[in-house]
Amino acid sequence: MTAVDLRSDTVTRPTARMRRAMAEAEVGDDVYGEDPTINRLQELAAEMVGHESALFVPSGTMGNQAALMTHTDRGQEILLEEQSHIFLYEAGGAALLSGCQTRTLPGDKGRLAPEQVREAIRDENMHFPRTGLLCLENTHNRAGGTVLSADMTQNLVEVAHDAGIKVHLDGARVFNAACAQDVDVTKLTAPVDSVQFCLSKGLAAPVGSVIAGSAEFIQECMRARKVLGGAMRQAGVLAAAGVVALQEMTRRLEQDHENASRLAQAVAEMKPFSVDPDDVCTNIVAFDVDPEWFTAPEFLHSLRQRNVLANPVHQQRIRMVTHYQISSEDISDAVEAMHRTIGELK
Ligand code: TLP
């Protein structure tokens with residue numbers, strides 16, 4: 001029996017059409033700009049997110065870090081939400097690679113308020129670091145897949161731009177955000193100066209992310225990608241799956257959201273757990289575990305014996321992520337396994 005793997009949407013495997021496109025992909029040396037499949041992916045991606053140019057990179061982390069390197073100067077300060085992926089899960093890259101300090105602001109379910117950002121932007125004073133960049137995240141992973149609306153994005157961008165500060169969007173799951181709000185993704189991506197989004201999460205491609213922005217910005221990002229060792233050669237075999245991901249996989253994310261919502265409703269009724277199902281609007285279900293019952297790792301260790309996999313966020317919090325390889329029956333199986341595991345550990 002294959003496991004119900006709710007650890008992440010990163011575990012998705014490529015579709016049959018992706019594998020065919022990969023096998024048949026026309027390729028060339030991309031460092032010379034001669035891989036027709038990568039060029040096609042980049043053109044399609046730029047158009048879809050409403051920017052002039054785009055660049056294929058091996059991972060979301062590299063996409064974010066290359067953007068940070070390109071936007072900032074050493075010694076600057078980057079404004080981020082305190083639970084953001086760039087701050088928490090990118091191994092200190094902002095300090096290591098861009099020489100910047102990070103300044104985190106507490107968000108409401110991952111969302112920053114424009115006034116918070118306005119207040120955090122530094123005045124010119126030789127004692128202060130200069131504010132170099134504002135980063136947003138949509139959907140917000142750690143907050144449980146919460147979304148930023150087009151209006152919120154626009155308002156935050158306006159505050160930053162009024163102060164001459166650029167905005168980068170970690171849009172690893174921005175197509176989930178667009179789908180959940182039933183808006184064209186450009187409403188969420190066009191207002192920012194740069195966006196990174198992942199092909200290898202809910203869109204199910206095996207490898208890769210895209211950075212999009214102005215032609216000049218992307219030209220500079222190519223340098224950053226080179227420094228990071230991410231300039232690839234005949235990677236059209238990978239980009240081919242990305243093209244299929246963008247053409248065929250963005251609209252089906254709704255199914256993942258429905259599955260997540262059903263899972264959240266079931267979890268909300270389980271005594272040891274707490275989650276507000278109304279907060280679950282994309283493919284991530286994050287919930288707290290009552291310490292009187294057990295810890296998240298204890299529960300997940302037992303759940304694994306029943307072939308259901310998930311990750312702890314910390315000792316008393318669990319994250320479950322729905323995706324292309326999770327069916328509605330898998331959700332029913334996972335819920336049943338959770339009930340049994342609770343019964344067993346009680
Ligand atoms: N997130 C992964 C882990 O790193 C936590 C996951 O399983 O969710 N931005 C956001 C918002 C992300 O969630 C991730 C990956 C990334 C960037 C980085 O993408 P990759 O893994 O391609 O470097």
Side-chain angles (χ1 to χ4, degrees), residues 5-14 45 49 55-69 78 80-94 96-97 102 104 107 109-112 135-148 153 168-178 180 188-189 192 194-212 224-225 228-230 232 235 238-239 241-242 245 253 256 260 280 282-286 296 300 309-314 317-326:
D5 192 346
L6 299 164
R7 287 173 302 170
S8 183
D9 45 9
T10 59
V11 304
T12 44
R13 294 182 296 276
V49 297
L55 189 67
F56 184 51
V57 288
S59 70
T61 302
M62 189 183 290
N64 284 334
Q65 293 302 324
L68 262 51
M69 286 167 74
I78 300 174
L80 303 132
E81 199 281 328
E82 67 183 2
Q83 305 277 340
S84 63
H85 192 279
I86 293 176
F87 176 64
L88 281 182
Y89 295 120
E90 300 193 7
L96 183 68
L97 303 165
T102 44
T104 57
K109 295 177 184 160
R111 299 177 189 107
L112 294 176
C135 292
L136 306 176
E137 185 173 315
N138 196 11
T139 67
H140 196 293
N141 180 351
R142 187 83 188 208
T146 52
V147 298
L148 260 188
T153 307
H168 171 70
L169 173 64
D170 178 354
R173 298 183 179 84
V174 76
F175 284 98
N176 294 82
L188 309 176
T189 53
V192 296
S194 61
V195 54
Q196 174 282 123
F197 66 88
C198 294
L199 300 164
S200 64
K201 295 198 164 61
L203 303 184
V207 180
S209 280
V210 170
I211 321 171
R225 183 184 67 172
L228 297 173
M232 297 178 285
L238 304 176
L253 295 171
D256 300 343
V280 177
T282 62
N283 67 329
I284 299 179
V285 185
L300 293 174
L309 313 183
N311 279 332
V313 177
H314 55 67
R317 195 166 167 82
I318 291 172
R319 182 186 78 156
M320 293 183 165
V321 187
T322 58
H323 53 78
Y324 183 54
Q325 257 89 40
I326 297 294

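As the structure lists them, so they are numbered: ligands from 1, and atoms in each ligand from 1.
Remark: Phe175 engages Phe197 in a ring-ring contact (aromatic ring centres under 6.0 Å, His included) (not counting sequence neighbours). Applying the salt bridge (Lys or Arg N to Asp or Glu O under 4.0 Å) criterion to Arg317, with sequence neighbours excluded, gives Asp288. Scanning for side-chain hydrogen bond (donor to acceptor under 3.5 Å, both in side chains) contacts around Asp9 gives Arg173, Asn283, with sequence neighbours left out.
There is a side-chain donor-acceptor pair under 3.5 Å between His168 and Ser194.
The nearest pair of heavy atoms linking Met232 to Val57 is CE-C, 4.4 Å.
Under the 3.5 Å distance criterion, the side-chain polar atoms of Arg142 are left unmatched by any main-chain donor or acceptor of Leu88.
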Could you pull out the N/O contacts under 3.5 angstrom between ligand 1 and the surrounding protein atoms?
unit_1   : atom_1 : unit_2 : atom_2 : d
ligand 1 : 1 (N)  : His85  : NE2    : 3.3
ligand 1 : 4 (O)  : His85  : NE2    : 3.0
ligand 1 : 7 (O)  : Ser8   : OG     : 2.7
ligand 1 : 7 (O)  : Arg319 : NH2    : 3.0
ligand 1 : 8 (O)  : Asn141 : ND2    : 3.1
ligand 1 : 8 (O)  : Arg173 : NH2    : 2.8
ligand 1 : 8 (O)  : Arg319 : NH1    : 2.9
ligand 1 : 8 (O)  : Arg319 : NH2    : 3.4
ligand 1 : 9 (N)  : Asp170 : OD1    : 3.0
ligand 1 : 9 (N)  : Asp170 : OD2    : 2.7
ligand 1 : 13 (O) : Asn141 : ND2    : 2.9
ligand 1 : 13 (O) : Arg173 : NH1    : 2.9
ligand 1 : 19 (O) : Lys201 : NZ     : 3.0
ligand 1 : 22 (O) : Gly60  : N      : 2.8
ligand 1 : 23 (O) : Gly60  : N      : 3.4
ligand 1 : 23 (O) : Thr61  : N      : 2.9
ligand 1 : 23 (O) : Thr61  : OG1    : 2.6

